[in-house]
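Worksheet for the structure shown next.
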Amino acid sequence: MVKVNLGGCGSFVKDEAYKEYVEKALSALDVLESETGAGNDFLGWKHLPTATPESLIEECELVRDCWKDKGVDLVVVIGIGGSYLGAKCAIEALSHSFANSLKGEKAAPQIVFAGHNLSEEYISELMDLMKERNVAAVVISKSGTTTEPAVAFRLIKQYIEQTYGVKEAAERIVAVTDAHRGALKSLATQEGYRTFVIEDNVGGRFSVLTPVGILPIVLAGFDIRQMLKGAAEMEAACAERCGCNPAVQYAAMRNLLYDNGKKIEILVSYNPKLQYLGEWWKQLYGESEGKDGKGIFPASVSFTTDLHSMGQYIQDGERHIMETVVTVENSNRSMTIANDPQNLDGLNFLTGKHIEECNAMAELGTKLAHIDGGVPQLSVSVERINEYNLGALFYFFEKACGISAYVLGVNPFNQPGVEAYKKNMFALLGKPGYEEQAKALQARLEK
Ligand code: PA5
């Protein structure tokens, strides 16, 4: 269960103002629930936790078991944006921090990602790793036409075909894409790849609980049923028409603070395993809200690490920041600080304390310091990091995003601004049909 605590905002907003924004958020919730708002053909994500069929999970498990029989020990997951960040976030959060360096038998293949950049070094170095390993690949693209994953997939497909043969490659490559449209769909059909469908009514950044996230998470050996269960609990909690709805609370407060001049929201975690929750959240909120000249700028930091880099600015720089802390109440591991009879480092006052207790005190101390420094704090807490709570966090942030964007007055489910760079890139790369634009861009670059 995700809990929202707004105590750290108390000294920044008046109760009356908060109540007013709760009313706005409840109206936005009504629009979302009645499916009458902008982008209402992209609301398929709302019921994924309770509507995902067991057969889909079983099919993912079939792929997992088939690749296990082949001895696959490296799965390359190819995708970008919403076709990348959810799976990356879940797998990073749930994996042992040093899983790939530990000796001993591995229960699941290593999952690596590609197609989320256009770096020649990255893909070449990935090939170095692939040459040492038994490889399979999952290529994910809803549109089936995105350049970054398409480039990576062309190279990885060629490598797999050359290494294992074309027939075997068809058993080592799985596609996740649209049911009918796009180059990836026709390629997968032609090559005879097993294909999972991303439904039309689910946008990329809301797709972590579709095969986009489910398949990589199952391949990595994690319990997707628990993740869907956690998400289902939040599906129920975040549908309630009341001020106790955590998604309503979060959406109301962040919009109120935005209207009071807090234009930047930083998502903070005190556990490095949640670093990619910040990356996933930034895409969700950045692409959903940043349009029509409006929107909170989403950023993320990992504390206490970034207290030694960004801490100064957050405490003392321009006062346009609010922070949302993802609090994890309990650690999955236990380690205390040992006594040292010499006490040369002067740390014996910490003897017997859990590292996590130090982390918790850093979190509380930072909260008070930031409030004193003019940074309101929203807190989103879960009991521990596991599949259940990650599912709950995914759903909570998605629902709150839909509500929040409607309060702001934008369509949460489109991303018109993403096209601008793509058109310029295609023109500069000489894609047929972009000749005129290429000339105009060249002229500007030569100035
Ligand atoms: O949220 C979105 O729609 C985007 O960020 C997409 O996920 C991203 O651009 C990747 O698109 P696709 O899955 O079509 O390759």
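Read the numbers this way: they start at 1 and go in the same order the structure lists the ligands and their atoms.
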Would you be so kind as to tabulate the donor-acceptor pairs closer than 3.5 Å made by side chains of residues 83-93, with sequence neighbours excluded?
residue	atom	partner	partner atom	Å
Lys88	NZ	Glu92	OE2	3.2

Could you tell me the residue and atom name of the protein heavy atom closest to atom 11 (O) of ligand 1, and the distance to it rounded to 0.1 Å?
-> Thr146 OG1, 3.6 Å
Given Ile296 and Tyr285, is the side-chain contact (heavy atoms from CB on, under 4.5 Å) satisfied, shown in steps?
-> CA-CA 8 Å; Ile296 297 169; Tyr285 281 78; over 6 Å; no
Thinking salt bridges, do Glu363 and Lys367 make one under a 4.0 Å N-O criterion?
-> no
Sub-4.0 Å atoms of ligand 1 with respect to non-hydrogen atoms of Arg205 | 1 (O), 2 (C), 3 (O)
Parallel, tilted or perpendicular: ring planes of Tyr193 versus Phe153, cut at 30 and 60 degrees = perpendicular
Per-atom filter on ligand 1: closer than 4.0 angstrom to a heavy atom of Ser143 are 12 (P), 14 (O), 15 (O)
Which protein non-hydrogen atom lies closest to atom 5 (O) of ligand 1, naming both residue and atom, and how far is it?
-> Gln283 NE2, 2.5 Å
Pull out every atom of ligand 1 sitting under 4.0 Å from any heavy atom of Ser83, numbered as shown with elements.
-> 7 (O), 12 (P), 13 (O)
Return yes or no for this condition: an N or O of Lys142 is under 3.5 Å from an N or O of ligand 1.
-> yes
Shortest protein heavy-atom distance from atom 10 (C) of ligand 1, along with the residue and atom involved | Ile80 O, 3.3 Å
Residues in ring-ring contact (aromatic ring centres under 6.0 Å, His included) contact with Tyr395, at least two apart in sequence or another chain | none
Between Glu59 and Arg194, is the closest basic N to carboxylate O distance under 4.0 Å?
-> yes
Considering only non-hydrogen protein atoms, determine which one is nearest to atom 6 (C) of ligand 1 and report residue, atom name and distance to 0.1 Å.
-> Gly82 N, 3.9 Å
Checking Lys24 against Tyr21: charged group under 6.0 Å from the ring centre and within 45 degrees of the axis?
-> yes
List every atom of ligand 1 that sits less than 4.0 Å from any heavy atom of Glu287, numbering the atoms from 1 in the order shown and giving each element.
-> 1 (O), 2 (C), 4 (C), 5 (O)
How close does the nearest protein non-hydrogen atom get to atom 3 (O) of ligand 1, and which residue and atom is it?
-> Gly204 N, 3.5 Å
